[in-house]
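Read through the structure below, which is laid out as structure tokens, and then see the notes.
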Amino acid sequence: MNQHAQGTDQDQTAEEVAPYGGGRPAVNDADGFGGSGSSGGSGSSEAGEPEAGEPGTGGTGASGPRVDGSGAGGPGAGDRRVGSSGAGDPGAGDPGVSGSSVGGSTGTRLKKIRIPHLQQMKERGERWAMLTAYDQLSASVFDAAGIPVLLVGDSAANNVYGHATTLPVTLDELIPLVRAVANASPHALVVADLPFGSYQGSPQQAFGSAVRLMKEGLAHAVKLEGGRTMAPTVKLLTEAGIPVMAHIGFTPQSEHTLGGYRVQGRGESAESLVTDALALQEAGAFSLVMEMVPAPAAAAVTKALDIPTVGIGAGADCDAQVLVWTDMAGFTDGRTPRFVKKYADLRGILTQAAQEYARDVRHGTFPAPEHSFEE
Ligand SMILES: Nc1nc(=O)c2c([nH]1)NC[C@@H]1CN(c3ccc(C(=O)N[C@@H](CCC(=O)O)C(=O)O)cc3)CN21
Ligand SMILES: CC(C)C(=O)C(=O)O
Ligand SMILES: [Mg+2]
């Protein structure tokens, strides 16, 4: 079902990549504002081998994203292990030294991740992390941090556009976000969600939408929700050269059918999950997201499949994990789902910065002479 990696993965020399707050090395943009022009873009060189020397894009850009959300306040922070590679990172529960320099926190140089690498990691038992990203700045941070796969999720509906569900977001609204993330991700594989209504009509409709995500959005792969009934669609896209990540379990685009945000695959529908997963793999999916399914059912699916599974609320026995970045970074307003672990308090940090800035302005202490220009 899957091609093999053509490139070798060699780890390279150190590149300082501080996990948080550390300055990244430089930037290669002329205007000093990070980002790449509208066309062509820097970053994500496609032709490239699985090895890339490109420095990160992005930089000191301006405005940050705005958040909204559904979620709930998450628990505290904890340890983290990004990627797995060389330097004795215990991250993966796997056999020893990996060849893949996926991790960015250990000082290893990053390589460009391509689909065969994910397959190789499954074979080696190396777990990996996926995060959503919706804009250039967050994407450049995650890319440099060694997150191998970035998802421009239709959760942008909630976390960028402020909707209560994922249903309202359109292809036209998603494409510019995908393009921004792809332009800022020289190493990560960029997957774009097909939004509700853009693919369920027919395999042909899905093809047209996926082509837009790749041509206009510069995505490397697409994701779609649904079980065995999506197999013909997955097959058509895959055969057309469009890598497809599948998504089963709780599929938010079907919340009105499923009856809300609920764990899926309890009891006898666990077998149904395996049947769906096998059909999607057979149709050519390169990976499979499982959302909110009982851990034992997700473990059974993971074991039954040759392709990597990506869990969100699906327990520790998936091959990979995904979280919405604003949830894991503590940026989301309000409650977050049970499966979220909060690794930072971005909302608190940004709130404090905004308040201090406003206070300085009110007090006349900003701008100071060093922020002002002489005649
Ligand atoms: N910020 C954000 N995080 C997400 O994980 C996310 C989005 N947005 N938007 C799209 C979907 C919607 N998702 C959601 C949304 C809510 C729950 C939720 O409320 N879950 C409850 C109930 C679970 C149950 O008991 O069945 C929970 O406590 O986890 C779960 C997934 C996951 N996705
Ligand atoms: C939660 C992930 C898997 C997703 O589909 C999204 O962010 O849209
Ligand atoms: Mg989604």
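Atoms within a ligand are numbered from 1 in the order they appear, just like the ligands themselves. A quick note: this is a predicted structure, and the numbers were derived from the prediction, not measured.
- Judged purely by distance below 3.5 Å, without hydrogens or angles, the side chains of E291 and Y261 never pair a donor atom with an acceptor atom.
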For Q264 and L258, run side chain to side chain contact (heavy atoms under 4.5 Å, CB included): C-alpha distance rounded to whole Å, both residues' side-chain angles, the deciding distance at 0.1 Å, then the answer.
-> CA-CA 9 Å; Q264 304 295 314; L258 298 174; 3.7 Å; yes
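- Inter-residue side-chain proximity for T166 and P195 is flagged as unmet; no heavy-atom pair is nearer than 4.5 Å.
- At a threshold of 4.5 Å between non-hydrogen side-chain atoms, the residues M245 and L288 do not count as touching.
- Heavy atoms of other residues, nucleotides or ligands lying less than 6.0 angstrom from CD of E370 number more than 12.
- Annotation for ligand 1: atoms under 4.0 Å from non-hydrogen atoms of F339 are 5 (O), 30 (C), 31 (C).
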Can you produce the list of protein nitrogen or oxygen atoms under 3.5 Å from a nitrogen or oxygen of ligand 2, alongside each distance?
from	atom 1	to	atom 2	distance (Å)
ligand 2	5 (O)	D193	OD2	3.3
ligand 2	5 (O)	K223	NZ	2.8
ligand 2	7 (O)	S155	OG	2.5
ligand 2	8 (O)	D154	N	3.2
ligand 2	8 (O)	D154	OD1	2.7
ligand 2	8 (O)	S155	N	3.1
ligand 2	8 (O)	S155	OG	3.2
ligand 2	8 (O)	D193	OD2	2.9

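- E255 has its side chain within reach of T165: a pair of non-hydrogen atoms, C-beta onward, lies under 4.5 Å apart.
- Of the N or O atoms in S155, none lie within a sub-3.5 Å distance of an N or O in ligand 1.
- The closest approach between E255 and ligand 1 stays at or above 4.0 Å for every heavy atom of the residue.
- The ligand atoms of ligand 1 that sit less than 4.0 angstrom from a heavy atom of N158 are 7 (C), 8 (N), 9 (N), 10 (C).
- The ring-ring contact (aromatic ring centres under 6.0 Å, His included) test applied to H371 returns F366, not counting sequence neighbours.
- Residue-and-atom listing of protein N/O/S atoms under 2.8 Å from the Mg ion (ligand 3), sorted by chain and number: D154 OD1, D193 OD2.
- In terms of polar-atom proximity, V324 is not counted as a contact of ligand 1, lacking any N or O under 3.5 Å from an N or O of the ligand.
- Selection from E291, H163, Q253 by nearest heavy atom to atom 32 (C) of ligand 1 gives E291.
- Looking only at atom types and distance, the side chain of H163 has no donor-acceptor partner in the side chain of N158 under 3.5 Å away.
- Salt bridge annotation for D317-K303: absent, with no cationic side-chain nitrogen under 4.0 angstrom from a carboxylate oxygen.
- Between R127 and D319 there is no salt bridge, since no side-chain N of the basic residue sits under 4.0 Å from a carboxylate O of the acidic one.
- Under 4.0 Å from ligand 1, the heavy atoms of N159 that appear belong solely to its side chain.
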Verdict with reasoning, H117 to K112, per side chain to side chain contact (heavy atoms under 4.5 Å, CB included) = CA-CA 9 Å; H117 297 129; K112 183 169 176 60; over 6 Å; no
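- Residues that satisfy the side chain to side chain contact (heavy atoms under 4.5 Å, CB included) test with T275, not counting sequence neighbours, are R228.
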Please assess K223 against D154 for the test salt bridge (Lys or Arg N to Asp or Glu O under 4.0 Å), listing each intermediate value before the final yes or no.
-> CA-CA 10 Å; K223 182 166 82 58; D154 60 346; 5.4 Å; no
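- Side-chain contact of Y134 with T326: a donor-acceptor pair under 3.5 Å is absent, judged by distance alone.
- Using a 4.5 Å heavy-atom cutoff, the side chains of F250 and V293 are not in contact.
- Proximity of P252 to ligand 1, defined as any heavy-atom pair under 4.0 Å, is confined to the side chain (atoms from C-beta onward).
- Counting heavy atoms closer than 4.0 Å to ligand 1, residue T166 contributes side-chain atoms (C-beta onward) but none from N, CA, C or O.
- Residue R338 approaches ligand 1 through these ligand atoms, each under 4.0 Å from one of its heavy atoms: 27 (C), 28 (O), 29 (O).
- Every atom of ligand 1 is numbered from 1 in the order shown, and the set under 4.0 Å from a heavy atom of R262 is 26 (O).
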